[in-house]
Amino acid sequence: MESFCLPKNQYLPDLPACFQLSVLPWAPCIFLWLTSPFYIFYLKRNNRGYIMMSILNRIKTVLGLILWIVCWTDLFSSFHEMSQNQLKPPVYFVTPLVLGMTMLLATFLIQFERLKGVQSSGVLFIFWTISVLCAIMPFRSKIMNASQAEVSNDKLRFTMFYIYFGLTLLQLILSCFNEKPPLFSSVVTDPNVCPETTAGFLSKMTFWWFTRMAIKGYKSPLENKDLWSLNKHDSSELVVPNLLNEWEVEKSKAQSEQSVKEQAAFRKAGPGAEPNHVSVSPEEEEVLLSKRKEARQPSFLRALLRAFGPYFLIGSAFKLLQDLITFVNPQLLRMLIAFTKQPQAPSWWGYSLAFLMFSASLLQTLILHQHFQYCFVTGMRLRSGIVGAIYRKSLVITNEAKRSSTVGEVVNLMSVDAQRFMDLTTFLNMLWSAPLQIVLALFFLWQNLGPSVLAGVAVMVLLIPFNAFIAMKTRSYQVEQMKYKDERIKLMNEILNGIKVLKLYAWETSFKQKILQIRQKELHVLRKASYLSALSTMAWTSAPFLVALTTFAVFVTVDVNNILDAEKAFVSLSLFNILRFPLNMLPQVISSIVQASVSLKRIQGFLSHDELDPESVDRRNNASEYAVSVVNGKFSWAKQDQAALDNINVMVPQGSLLAVVGHVGCGKTSLVCALLGEMEKLEGQISIQGSVAYVPQQAWIQNATLRDNILFGRPYAEQKYRCVLEACALTPDLEVLPGGDQTEIGEKGINLSGGQRQRVSLARALYSGADVYLLDDPLSAVDAHVAKHIFDNVIGPEGALKGKTRILVTHGISFLPQVHNILVLVEGRVSEMGSYQDLLKQNGAFAEFLRNYSLEDIIEDDDVTDLLVDDEEEEFPDDALSNHTDMVDNEPVVNEARRHFMRQMSIMSNDPENPKKMSRRRRCSERRHLESPSEKKELKVEKLIQAETTETGRVKLKVYWEYAKAVGPLLSLFICVLYGCQSATSIGANVWLSEWTNDALLNRTQDRVHMRVGVYAALGISQGVLVMFSSFTLALGKIQAARKLHQTLLDNKFHTPQSFFDTTPIGRIINRFSKDIYVIDEVLPSTVLMFLGTFFASLSTMIVIIFSTPIFALVIGPLALIYFFVQRFYVATSRQLKRLESVSRSPIYSHFSETITGTSVIRAYGRNTAFVLLSDMKVWSRSRLDACSSSRMFSVTMSLNWMVRMTSDLESNIVAVERVKEYSETVTEAPWIVKDKQPPPDWPPKGNVEFIDYSVRYREGLDLVLRNISLEVKGGEKIGIVGRTGAGKSSMTLCLFRLLEAADGEIVIDEVKISEIGLHDLRSKLTIIPQEPVLFSGTLRMNLDPFEKYSEEDVWKVLELSHLKKFVSNQPSKLELECSEGGENLRCLVFKKKKILLLHQNGTKLGKGFGACCVNIKKTLIMIHKERVHMLNSVLFSCDRVLVLDKGKIAEFDTPTNLLAQKGIFYGMAKDAGLA
């Protein structure tokens, strides 16, 4: 080397001149030349745009060229000297040449980065930093030489070096500034762009770009509008398709592998093996094939790795670098301890070592947080991708798949399972990093203590099987726990959907017990898992100490010459402390991987479900006269199910109207679903030409404005929109709705009546302008006159859909003469098809159908018959032959009542003042002059669904106290004491070790070895025992807290008034029961555990330092203040982001639940993509929060440690308790039981009901819906309540059951004021068949009799009366028949033997024999319904009196006969029904 350079300068503390001339200037050059090829390749692949030449860029380029000239000036100077015969060493030629070429390369990179849109260069920043650092030592040396009057003969090189140093420093400073954004980038167009995209390298490394958000969050609570836009690479629109593409690749690979193997197996059999092949039985072959299929499942894990792995690997590279730097400090500590032993050593060496230790720690922190950032972003993308994939899958899964994956289960997949992946990515690198750190630590320990370290290795090896056993058990518990969690969320979802029914039936207690039983099982499993976790914690917390103990003990006992001095002890201890983190983290990571593997299996299972075949319906436009055709169709709801439709052959000509009729359950809806491609096509072909609009039997309404529900994503055209409203009879409703068509509709159309919902659904179809309309009984839910209007103006031959192809499922027989063709279904087969007249002539199934459902068989009066036949409009009166009349010949009482009524009507009909046509024309003309919807835009609409509120500011101490109370105050104190004792033993062990090392100085090591080892072991073992006890106690506490907080929330929600559920989306409540309870169950306890551990560890560290260096006590005060301020500054933003993130989850779950119920409508209208984008927007909103949250913890990287991180995590996670507490303290309804006011057991004995000057409103601040109602109903009397939409009919039922509390007046039932007794005492004594019945998943017996009060005979008797006995007895499981979620597979009935029965608009749902049931009921009967014709001519005839409501007041109240004679409102309604 000396021949290459000049001889080294011995002057201390300077570096040798040779080193300064070669290694120092070469270091940055080597870095740049090594990284440049990769960097240039990266820039070519990731072009961000073009940046215009700026002044900054020009200056950098000019400086780069000047540096090149400066370096090569040295080179040419050396050549000049050589020409003057002044020989110079080779280094004077090589170094300037290399430096000059490197400067040219740097200048090229400056321009190349500009062309590729790089605003700040990390590579060049590192290059200039290394260049400046490597020039500092020569800078100092040259000054020292000059100061010692050694006048340099080489003034040129002296000058050039200082010019070089100055220019390099200037380049470093300039590289801290950013260039302008590239042309046309989102940074230019986005007003709220995330500063990370434009941040410089230094800002990104230190997370300085986040400081602005932290300051804003500290000054005032953050809101959604304060958040930056999401980086495009993190958005769902890129992340989800990327993941789905990889998943498709994985699925296709699995399929191709399977097909290749099957072909190979076939070839192997070959022609020669034919006899052997034939000898295999079909059963064996099937088993072999099924096994082969099972073995070829596509791996979702591989798809995840390919989609997100490359980005994650960058974080892994940072982690590797951080791990290597971690081991620099113990080596520097060794050198520092050696320095303290040498009194003659120069002080600058000690300062240098201390500075190097600080620099290594700083660099380690910066690199570690870069690793965390990459991990967090990967986790965020992972979760967004998984949630997006699940949402997209849910739109296309088959009905069979829906049975196995309920809404509750899928919500869990999106909340808990997807979150597990995000949590795992943070520490996933520990899987390889922990073993690496352990190996490196053991290597350095071997160097320090020799073979003694093997004793420590033996301890670690012994712990591996112990932890493997714990991991296996934890996995099995995890699977079990998730099963119970799914059950709980599923049932909770059903309860919230049917909460009104539960309140009406007073069934809350029964269902609450069901939830608590599932919760008890869930907590039982959680307790077992917690105990295992406590054992694991004890093992791994004690592991570093046990390793240290065995290593030290073996070291001092195997050889007399082995002395444990300070250097060996404390260097080893620092290595053992490094060992502590990987040993602690490894079991947690393994546990997280176990949990994630369970989640992976669940998600993979869901994503592997069969999808509806988009090709099952041929949508190609071929020149055919038939718009819809089905040839030899055979369909079932699931592949293994029996065919619901068989041998279907239907041809529907273009522009025709086909009516589909048949008895209940004959397959009418199934036919519509088959045409939509919703069923499994077993055989045949379906063809539909053009676009499709679909109106389902149960209208699907979104939580959006009325207008948005009708437009359904299509552009607004005012004239067309107004025509649609007029045709669908929605214009009068806009007068009633507070905000016109801008009124917000609640979840499931909660603030619309059933008829309004159906008309909105019809308006959506009409506005869509489709080619083919599939209408599944849209007229059954609307009033009779409205049904007539809709048929005439929309569906009928002269309606708005004239010329379009329409398939109408209907029960309205009166409309059948006007349709082109009628298709009659009988038990899933086409019985007949033809025109109305043709089918009547055939006298087949259709004629039988008419006979069963016609009124003619009970109308014997010739005059009445003549009147009906001679009606001016049509052969039959409106809906006179409705199938809902449900009349049979053996109902003499009803028949007599009908005859009397029809005679009355015949007299009234002759009145010339009220001709039907005139009334309809007048209504239509009135509507034309109504205010147009556009004129109502200025109305200030009160939002029904308010935005979810979030707490602001610090988490109140009350929330912490709430959690401590839930754990148990004494138990909480005991846990803290145990952690304190644990830290005390830790301090004792360290102090004892310090004393032990002092023995080496006093030469008495051998005398006390056994005593020293014994006490050290005792302290360590007692620490392990205390850890175990504290973990067990914390596990007990966490289970207790989880139980109490969940039970308080559940109790409150069951006692919450109905108005809360009407105005709160179910997603918000489910969010509390799923994600927030999950945080309380699992995340918060582990955060508390880590917080307590870190807090006491920090405390013990300070105590030890003060004990050894008392002067440090003066520093602790100011240091603690700085820590406290920085922690407050940081946590203000962190906490609020956590709250906003919690709120952002609810819309995702609400939107998802809403979508699941409307998948058939979404698919029919081809709106899948739009809904996917809407879902992505909601996930985008949440990801935006995650992106901010992932950065929040790094804004304070240099000044804070783990303690601040844990405090912040604790405050962030305690937000879950705050949110659960918020919903546990909502206003409750009246008590269920008032003990001193309980009515007698046989109350009400008579069934008298009296309203006394009664008024009511829905919520405070709203208008009265019933005004001064006064009426009396005698026991056993049958009362019918009628009125137009919004008259207050439904409100009366809500008042009787006290779902609405009185604003004024009283209701008295058998001399008992219902406002004074408990709600359950009242509701359990009344019976109602609600307007929209709900069945819960479970057995039929449970749905009929949840309290198991009645015998099996009683149940069968009720089924017989409800005409369900035959259906139930035909089922294999009889009364144990499982009802599906939502009760879609059964009709409703109610089982209560009470004196007062309310029927709420049920005629359409209860089927044949309903009229007979009404007549035979020997109790007070109140029937509430619309003016539908089948009600007026079937049910009302069995009423003693009829109550007519109008605008919340009693308009008329008398017998039907008297009311008709008065020619009032009731008479008008009867006329509209076609009976006048």
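- Summarising the geometry, atom CD1 belonging to I1314 is positioned 5.5 Å from atom CD1 belonging to I1309; distances are rounded to the nearest 0.5 Å.
- Distance check, rounded to the nearest 0.5 Å: CG of D792 to CZ of F815 gives 7.5 Å.
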Please lay out, stage by stage, how L1344 and L1359 fare under the test side chain to side chain contact (heavy atoms under 4.5 Å, CB included). CA-CA 10 Å; L1344 290 172; L1359 287 171; 4.1 Å; yes

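- Rounding to the nearest 0.5 angstrom, the gap separating the CG atom in D1310 from the CH2 atom in W1243 is 7.5 Å.
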Steps toward side chain to side chain contact (heavy atoms under 4.5 Å, CB included) verdict (I1307, E1250): CA-CA 6 Å; I1307 298 175; E1250 189 178 359; over 6 Å; no

I'd like to know whether I1269 forms a side chain to side chain contact (heavy atoms under 4.5 Å, CB included) with D1253, so could you lay out the CA-CA distance, the side-chain angles of the two residues, the decisive distance to 0.1 Å, and finally the verdict. CA-CA 5 Å; I1269 300 287; D1253 202 23; over 6 Å; no

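- Under a 4.0 Å N-O distance rule, the pair D1321/K1325 does not qualify as a salt bridge.
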Would M1292 and I1281 satisfy side chain to side chain contact (heavy atoms under 4.5 Å, CB included), going step by step from the backbone distance to the final call? CA-CA 9 Å; M1292 288 198 76; I1281 304 177; 3.9 Å; yes

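- The two atoms that bring L766 and C728 nearest to each other are CD2-SG, 4.0 Å, heavy atoms only.
- Residues V1249 and E1272 form no side-chain contact, since every pair of their non-hydrogen atoms from C-beta on lies 4.5 Å or further apart.
- In this structure, CD in Q1058 is found 7.0 Å from CD1 in I499, a value given to the nearest 0.5 Å.
- Nearest heavy atom pair, residue L1459 against residue F1453, reads CD2-N, 4.2 Å.
- For the pair N793 (side chain) and G799 (backbone), a donor-acceptor distance under 3.5 Å is absent.
- When atom types are taken as modelled, the side chain of N1248 and the backbone of G1275 share a donor-acceptor pair closer than 3.5 angstrom.
- Between V695 and Q758 the shortest side-chain heavy-atom distance falls below 4.5 Å.
- Taking a cutoff of 4.0 Å between a charged side-chain nitrogen and a carboxylate oxygen, K668 and D776 do not qualify as a salt bridge.
- Crowding of E1306 atom CD: a count of heavy atoms from other residues, nucleotides or ligands under 6.0 Å exceeding 12.
- H789 places no side-chain N or O within donor-acceptor distance of the main-chain N or O of V794, the cut-off being under 3.5 Å.
- For the salt bridge (charged side-chain N to carboxylate O under 4.0 Å, His left out) test, no residue two or more places apart in sequence or in another chain qualifies with R1257.
- When atom types are taken as modelled, the side chain of S1255 and the backbone of D1304 share no donor-acceptor pair closer than 3.5 angstrom.
- Of the possible polar contacts, none joining the R1441 side chain to the G1280 backbone as a donor-acceptor pair under 3.5 Å is found.
- Nearest heavy atoms, L730 versus A763: CD1-CB, 3.8 Å.
- Two residues are said to be in side-chain contact when any heavy atoms from C-beta on lie closer than 4.5 Å; Q818 and Y836 fail this criterion.
- V1282 is listed as a side-chain neighbour of V1442, based on a closest heavy-atom distance under 4.5 Å.
- Counting heavy atoms from C-beta outward, P696 and S761 have side chains that approach closer than 4.5 Å.
- Residues C1295 and Y1254 are in side-chain contact: their nearest non-hydrogen atoms beyond the backbone lie under 4.5 Å apart.
- To the nearest 0.5 Å, the span separating CD1 on I822 from CG on L816 amounts to 4.5 Å.
- Under a 3.5 Å cut-off, the side chain of Y505 and the backbone N or O of T1327 do not form any donor-acceptor pair.
- The backbone N or O of G1283 lies less than 3.5 Å from a partner atom in the side chain of K1289, making a donor-acceptor pair.
- For the atom pair CG (D733) and CG (L725), the distance works out to 9.5 Å, reported to the nearest 0.5 Å.
- Contact between L762 and L775 at its shortest, heavy atoms only, is CD1-CD2, 4.1 Å.
- When side chains are defined from C-beta on, I790 counts as touching L779, because their heavy atoms get closer than 4.5 Å.
- Using a 4.5 Å heavy-atom cutoff, the side chains of L1271 and L1443 are in contact.
- Counting all heavy atoms, side chain and backbone alike, L1322 lies closest to L1296 at CD2-O, 3.3 Å.
- Listed by chain and number, the residues in a salt bridge (charged side-chain N to carboxylate O under 4.0 Å, His left out) with E1229 are K503, R1323 (sequence neighbours excluded).
- Side-chain contact, S1059 with D1062: no donor N or O sits under 3.5 Å from an acceptor N or O.
- A pairwise comparison of heavy atoms in G1288 and L1266 identifies O-CD2, 3.6 Å as the closest pair.
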